[in-house]
Amino acid sequence: MTVSSDIPGNSAASGASAAARVVLITGAARRIGRALALGFAARGWDVAVHFSTSREEAEALVAEICALGRRAAALRADLAVEAEVARLVPACAAALGRPSCVVNNASRFAEDRAQDIGYDNLLTSMAVNVGAPLVLARALHDATPASAAEDESQRAVVINVLDQKLYNLNSDYLSYTLSKAALRTATVTLAQALAPKVRVVGLAPGLTLQSADQTPEGFAAAHRVTPLGRASRPEDLVAAACYLADAPGVTGTTLVVDGGQHLVPLPRDVMFLT
């Protein structure tokens with residue numbers, strides 16, 4: 001049986017052993033988040049599927065994960081509201097058990113440039129893209145037992161999904177870019193502050209999935225503008241995230257998975273060039 005609910009409250013599905021590792025993935029109901037959720041489940045993780053508005057997709061994903069023999073939970077929270085974010089890790093623990101991994105995948109990605117930037121988009125982007133990951137990292141650290149300082153097997157990890165744009169800057173999506181740059185810095189400073197109980201790492205994809213305003217032809221052309229002839233694919237990001245989750249000697253650094261897209265300087269975001 002699968003049940004989902006707003007926070008606070010339990011939202012769980014039956015399935016696997018209580019000893020299984022648990023991952024909480026923000027924005028997991030759709031697109032890259034969905035691929036990550038299924039990828040972790042396929043590798044034996046139980047998955048807390050965070051969503052904000054995509055309830056039907058989240059509940060369908062929970063059912064799909066349960067069909068793989070894992071447990072899953074759908075947890076709703078508005079990442080722009082600190083109190084709701086702060087309840088996510090406890091809700092995950094109540095539904096599935098203490099998470100040992102949080103993937104900060106959800107992002108606000110709204111178009112603006114220096115010519116039209118304003119407080120509304122900037123501050124909301126900062127709340128969702130930086131504030132929520134900070135609060136979730138703090139909550140994961142609080143939930144991780146003190147004994148993890150000595151026992152490596154009890155340690156946890158935060159994976160912050162960044163963007164290859166940080167290594168190949170242009171002026172498009174300025175609020176988004178500034179927020180991801182702040183999260184990249186937070187990845188380093190949180191790794192320093194939360195060690196040894198919690199590792200903090202970054203994962204920077206390139207162009208991965210077609211956006212709403214791209215044609216299939218434009219997406220295919222943009223995807224080829226890389227040294228490897230293709231940018232990142234969902235399966236690349238799944239493999240990278242699962243590696244980072246299981247790499248006890250890695251913290252405070254970012255893995256760029258983009259087919260080399262960041263090595264090709266472009267004056268504008270690749271979507272506008274194709």
Side-chain angles (χ1 to χ4, degrees), residues 5-11 21-29 32-34 36-37 40 45-54 58 72-109 123-145 148 154-163 176 179-204 237 241-242 244-245 251-252 254:
S5 68
D6 293 352
I7 298 172
N10 289 1
S11 173
R21 293 185 296 173
V22 176
V23 58
L24 166 62
I25 303 174
T26 65
I32 290 173
R34 183 178 186 277
L36 290 170
F40 271 90
W45 291 72
D46 294 337
V47 185
V49 175
H50 159 264
F51 70 97
S52 177
T53 59
S54 303
L75 302 175
R76 196 204 71 81
D78 182 346
L79 297 186
V81 179
E82 182 179 352
E84 294 189 21
V85 177
R87 292 195 290 266
L88 268 174
V89 168
C92 174
L96 298 172
R98 176 178 66 84
S100 58
C101 180
V102 169
V103 181
N104 287 306
N105 164 74
S107 289
R108 176 180 170 84
F109 186 67
L123 295 179
T124 305
S125 295
M126 287 293 182
V128 172
N129 298 354
V130 187
L134 288 169
V135 170
L136 286 170
R138 181 188 70 200
L140 183 64
H141 184 266
D142 290 345
T144 303
Q154 297 183 36
R155 292 178 183 174
V157 59
V158 174
I159 301 174
N160 291 325
V161 178
L162 301 171
D163 196 308
Y176 167 83
S179 67
K180 288 295 185 178
L183 185 58
R184 178 187 176 192
T185 298
T187 299
V188 176
T189 54
L190 287 173
Q192 295 169 325
L194 303 184
K197 291 203 308 178
V198 175
R199 297 185 295 115
V200 185
V201 293
L203 171 58
L237 304 183
C242 290
L244 291 170
T251 195
T254 296

Item to complete: For N105 and L36, run side chain to side chain contact (heavy atoms under 4.5 Å, CB included): C-alpha distance rounded to whole Å, both residues' side-chain angles, the deciding distance at 0.1 Å, then the answer.
Response: CA-CA 9 Å; N105 164 74; L36 290 170; 4.0 Å; yes

Can you name the closest pair of heavy atoms from [X] and [Y] and give their distance?
| X | Y | value |
| --- | --- | --- |
| V128 | R108 | CG1-N, 3.9 Å |
| A58 | A74 | CB-CB, 4.2 Å |
| V89 | A143 | CG1-CB, 4.1 Å |
| A48 | C92 | CB-SG, 3.6 Å |
| R138 | A86 | NH2-CB, 4.5 Å |
| A28 | V49 | CB-CG1, 3.7 Å |

Discussion item. Using the side chain to side chain donor-acceptor pair (under 3.5 Å) criterion, which residues pair with N160? Sequence neighbours excluded.
Written reply: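 Partners of N160 by the side chain to side chain donor-acceptor pair (under 3.5 Å) criterion, ordered by chain and then number, come out as N104, T187.
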
Would you compute the distance between atom [atom1] of [X] and atom [atom2] of [Y] and round it to the nearest 0.5 angstrom?
| X | Y | atom1 | atom2 | result |
| --- | --- | --- | --- | --- |
| I159 | L237 | CD1 | CG | 11.0 Å |
| L88 | L79 | CG | CG | 7.0 Å |
| K197 | R155 | NZ | CZ | 11.0 Å |

Practice prompt. Check step by step if side-chain hydrogen bond (donor to acceptor under 3.5 Å, both in side chains) holds for S107 and K180.
Written response: CA-CA 9 Å; S107 289; K180 288 295 185 178; 2.7 Å; yes

Evaluate the side-chain proximity of [Y] to [X]: yes if any heavy-atom separation is below 4.5 Å, no if none is.
| X | Y | value |
| --- | --- | --- |
| I32 | V161 | no |
| F51 | T26 | no |
| T254 | L203 | no |
| S125 | F109 | no |
| L244 | V157 | no |
| L134 | V130 | yes |

Worksheet, complete the sentence: Checking V201, V200, V198 against L190 for side chain to side chain contact (heavy atoms under 4.5 Å, CB included), the one that qualifies is V200

Discussion item. Testing I25, D46, V22 one by one against F40 for a side chain to side chain contact (heavy atoms under 4.5 Å, CB included), which residue passes?
Written reply: I25

Discussion item. Quick check against the 3.5 Å criterion: does R199 have a side-chain atom that pairs as donor or acceptor with the backbone of A245?
Written reply: yes

Discussion item. For L24, is there any backbone N or O sitting under 3.5 Å from a side-chain donor or acceptor partner on H50?
Written reply: no

